[in-house]
Each structure stands twice: as C-alpha cells, then as structure tokens.
Amino acid sequence: MKPILVSGIQPTGKLHLGNYLGALKNFVELQNSNKYSSYFFIADYHSLTETFDQKEKSGQILDIMINFLAAGLDPKKSVIFLQSAIPAHAELCWILNTITPFGELRRMTQFKDKTQVIFEYLDIKHKNERGYSDEVSDELAIELATNVGLFDYPVLMAADILLYDAAFVPVGEDQLQHLELTRTLARKFNSKFSKTFIEPKPLLTEVPRLMSLDDPTKKMSKSRPQGCLFLDNSPTEIKAKIQNATTDSGKEIKYDETHKPGISNLLLIYSSLNNESIKSIEKKFIGKGYGDFKKSLAEVIIKALEPFQKNKKELSKNLNSVKKIIEIGNKKALEITGKKIIQIKEKIGLIW
Ligand code: AMP
Ligand code: TRP
C-alpha cells in the first residue's frame, strides 16, 4: 500500500503565488509522482472562522475546486472533496478536543497573529465606550472579538489529517506548528487508547514561505493584498506588480536573504516557476540590472500561469461537471472515514 498524503486549502478568496509555490504546485507534483495515495480537500469549515458573506461562500468553494483542477489535480489520481461533507472530520475534532490541553492552543502563532489582526481592527473608541481600561483591554478585546472556532482551528486540522492515516502533509511553513500539534495529539491518543493514528510528517517545497512583493520582510498573505501576486492577475497586472516589487540597494542579481531579501524572494519565484537553479539564473544576469531581471521574471510568471488561467476559464464554463467531481470525491472520502471513525469510537469505548 502506498503512503497516504493529505492536504487542504481554505476557500477564503483568491489564491496567491505563495499558496501556489508553497502548496498547490507541490500537490500536483506529489500526485503525479504516483508514490502516494493522495487526498486533497477544500477546508470550508476552517474558513468559517474568518468573517465571511454567506452569499459568497459557495462561490469561493467552487473557485478553490476550479483552482485545484486547473493546476492539475486529477480526480482519477486523487480523492478531491469538501471537508464539511464528511461528518467524521467534526466528530474526530470533538474527540481530539477532549485530549487537547488549552495551553497548547494558546501558544499557536497563527491564532496569536489572527487575533492580533482582529485587535488592530477593533475600534478603540468602541472599546472605551464599553468602559474597559487600557491595561486589561488587550486580552479582553481578543476574547470578545475572537470566535472559539479560531482557537480550535488546529484541532480540526489534526482531525482532517489523522482520520486518513496520512503519513505526509504538504503545506507551507506557516502550518508546521499545527502539524506538530497533530503529531502530539496522535501520540497522546495512541498512548491512552492504544495505537490508532500515524504521526504525519510535513512536506515543504523550496519556497515554504514566499514573502510579500512590497515588503520582503513580511509573508505573502491574503491579509495584505498589496503584497500579493494573485494567480488570476492579468499579464499587465503581473508586469506592473513585478516592476514595482521592492528590491534592495546595490544592483547585483544575487541570492542573499540577509542583505538582499527582495531580490532573493524574486529569485525564488523565478527558480521555482522556470525549474532553473538559482545559480544558473544568477549567471544569466551577471552584468545586468534589476530592470532586466524583473522584465524577464514577469515573462516567466506570465508563461507559467497561462495554461492554469486558460484551464480556469474552461472549467468556469462547466460548473456542473466541477460539482460532479466534488460529489464523487465526497463519496470516496465518506467511505474511508466512515470505517475509521468506527475504529476510533471502538477504541474509546463508545461502540462495542
Ligand atoms: P491558506 O490559504 O491559508 O489555506 O493556505 C493554503 C496553503 O498555502 C497552506 O499550505 C499554506 O501553508 C500555504 N501558504 C500560504 N501562504 C504562503 C506563503 N506566503 N508562502 C508559502 N506557502 C504559503
Ligand atoms: N490550515 C491550513 C491552512 O490554512 C488548511 C488546512 C486545514 C489543512 N486542514 C488541513 C492543511 C489539513 C493540511 C492538512 O493553510
């Protein structure tokens, strides 16, 4: 039997180049390597932890599915499904909740970052109107503005993975801490109730943390759209964004994360999309300036995204077939998880 591989992406808006180079491109390569039994899903339950408009949600779900298929995920080779259609994810999440220490979740950096963002958006005046003093208001504001789902997010993610007996999880670097928690929970459950789960390992790409175009000290992230290159950007937009990308002092095209974070980030994009080593790209641009390099990089991106964008257009015309593919994937995932959740309940003594 091949080792199992599981990963998901949240339907929360447009995908950017960080999602692609850190995750989606890798999903396709791993699928096509034929070395794994692959499961890829749309993490719609996770996406409910952020503010959303219910009229947009199903469109966002279909858009992620179209992105999956346009990038090359193939329902003949992988099981592609919707998280919320598989009840065992939420069931196992609940069971794992009961062995998860509160303190572990409090330490999660994604939780801290996300609540910090919420806090920054909180209207100070509004807080003051409610009469909170400034010393206690930080913690209190976070507690008031944060939903429990955001706090519990990593436990649902652990359930997503452990349910499938996944040995490998391809993700970007920002998910490593969640994966570590997943391993901890697997170990804890196994020692308490006997061996039930596999401890999964992450699979990172060469670009596990793509930085923003406008500020190479910050991660490219949906929460800072000004620094994102989106997979749907037109050639004109791509040229403009790359032309305006922040570069460093000096004029050499050389990989040096510490002294040249801007150029280094752009070199990573070039290398990953053109399947060319950084050394070879540096050599190609000896004696040339940032302008020449950026022009060439924009062409590389446009060329790399062209087939993907074309596929997306085609798939968008045929939404019924996209929905059908999700239904088929859901059926397969239901079958597998239905068996596993029974085993889990037996181990705990809920079924006899
Ligand atoms: P999300 O959109 O948060 O569901 O993320 C989808 C996938 O993209 C996850 O595996 C993330 O770790 C990955 N990812 C998000 N941002 C970046 C980035 N800037 N660089 C590399 N990978 C990323
Ligand atoms: N938390 C992941 C992200 O934000 C998405 C996700 C949910 C996931 N469940 C997962 C990724 C299970 C891998 C495996 O990117």
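When a ligand or atom number is given, it counts from 1 through the structure's own listing order. Quantities reported herein were computed from a predicted structural model and do not represent experimental measurements.
Between Asn19 and ligand 1, an N or O atom pair is found at a separation short of 3.5 Å. Looking at ligand 1, you won't find any N or O of Ile9 less than 3.5 Å from one of its N or O atoms. Residue Leu210 has at least one N or O atom closer than 3.5 Å to an N or O atom of ligand 1. Between Met220 and ligand 1, a contact under 3.5 Å exists for at least one N or O pair.
Contact annotation for Met211 and ligand 1: no heavy atom of the residue comes within less than 4.0 Å of the ligand. With a heavy-atom cut-off of 4.0 Å, Arg209 touches ligand 1 through its backbone alone. Of the heavy atoms in Pro208, only backbone atoms (N, CA, C, O) come closer than 4.0 Å to ligand 1. Using a 4.0 Å cut-off between heavy atoms, Thr12 makes no contact with ligand 1 at all.
For atom 7 (C) of ligand 1, the nearest non-hydrogen atom of the protein is Ala23 CB, 3.7 Å. Regarding atom 22 (N) of ligand 1, its nearest protein heavy-atom neighbour is Gly18 O, 3.2 Å. Looking from atom 16 (N) of ligand 1 to the surrounding protein, the closest heavy atom is His16 CE1, 3.5 Å. For atom 12 (O) of ligand 1, the nearest protein heavy atom (residue, atom name, distance) is Asp174 OD1, 2.4 Å. From the protein, the heavy atom lying nearest to atom 10 (O) of ligand 1 is Gly172 N, 3.1 Å. Closest to atom 3 (O) of ligand 1, if we only count protein heavy atoms, is Gln10 NE2, 3.8 Å. Closest protein heavy atom to atom 2 (O) of ligand 1: Lys222 NZ, 2.8 Å.
For ligand 1, the atoms sitting less than 4.0 Å from at least one non-hydrogen atom of Gly22 are 21 (C), 22 (N), numbered in the order shown with element in parentheses. Within ligand 1, counting atoms from 1 as listed, the ones closer than 4.0 Å to a heavy atom of Val207 are 21 (C). In the vicinity of Lys219, heavy-atom distances shorter than 4.0 Å reach the ligand 1 atoms 19 (N). Heavy-atom proximity to Val171, at under 4.0 Å, picks out these atoms of ligand 1: 10 (O). Under a 4.0 Å criterion applied to the non-hydrogen atoms of Gln175, ligand 1 contributes the atoms 12 (O).
Within the 3.5 Å criterion, the main-chain N or O of Leu231 finds no donor-acceptor partner in the side chain of His16. For the pair Ser212 (side chain) and Lys219 (backbone), a donor-acceptor distance under 3.5 Å is present. Here the side chain of Glu91 pairs no donor or acceptor atom with the backbone of Ile341 at under 3.5 angstrom.
Between Phe151 and Phe111, the distance from one ring center to the other falls under 6.0 angstrom. Between Tyr164 and His89, the distance separating the two ring centers is shorter than 6.0 angstrom.
Using a 4.0 Å cut-off between charged nitrogen and carboxylate oxygen, Glu282 and Lys279 count as a salt-bridge pair. A salt bridge is absent between Asp63 and Lys14: the closest approach of a Lys/Arg side-chain nitrogen to an acidic carboxylate oxygen does not fall below 4.0 angstrom. Between Glu327 and Lys323, none of the side-chain N atoms (NZ, or NE/NH1/NH2) sits under 4.0 Å from a carboxylate O, so this pair counts as no salt bridge.
No side-chain donor from either of Lys114 and Ser223 sits under 3.5 Å from a side-chain acceptor of the other. For the residue pair Gln177 / Thr109, a side-chain donor-acceptor distance below 3.5 Å is found, with atom types taken as modelled.
Heavy-atom neighbours of Glu335 CD from other residues, nucleotides or ligands within 6.0 Å: at or below the threshold of 12.
The residue from Leu204, Leu203, Thr205 that alone fulfils the side chain to side chain contact (heavy atoms under 4.5 Å, CB included) condition with Pro170 is Leu203.
Aromatic ring orientation, Tyr20 versus Phe308: tilted (interplanar angle from 30° to 60°).
Counting only heavy atoms from C-beta outward, the side chains of Ile326 and Ile80 never approach each other to under 4.5 Å. Between Phe40 and Val6, every side-chain heavy-atom pair lies at or beyond the 4.5 Å cut-off.
Here the CG-CG distance, from Asp44 to Leu82, works out to 4.0 Å after rounding to the nearest 0.5 Å.
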Write 'none' if nothing qualifies; otherwise put on separate lines each N/O atom of ligand 2 with a protein N/O atom under 3.5 Å away and their distance to 0.1 Å.
| unit_1 | atom_1 | unit_2 | atom_2 | d |
| --- | --- | --- | --- | --- |
| ligand 2 | 1 (N) | Tyr153 | OH | 2.7 |
| ligand 2 | 1 (N) | Gln175 | OE1 | 3.0 |
| ligand 2 | 4 (O) | Gln10 | NE2 | 3.2 |
| ligand 2 | 4 (O) | Tyr153 | OH | 2.7 |
| ligand 2 | 4 (O) | Gln175 | NE2 | 3.4 |
| ligand 2 | 9 (N) | Asp160 | OD2 | 2.6 |

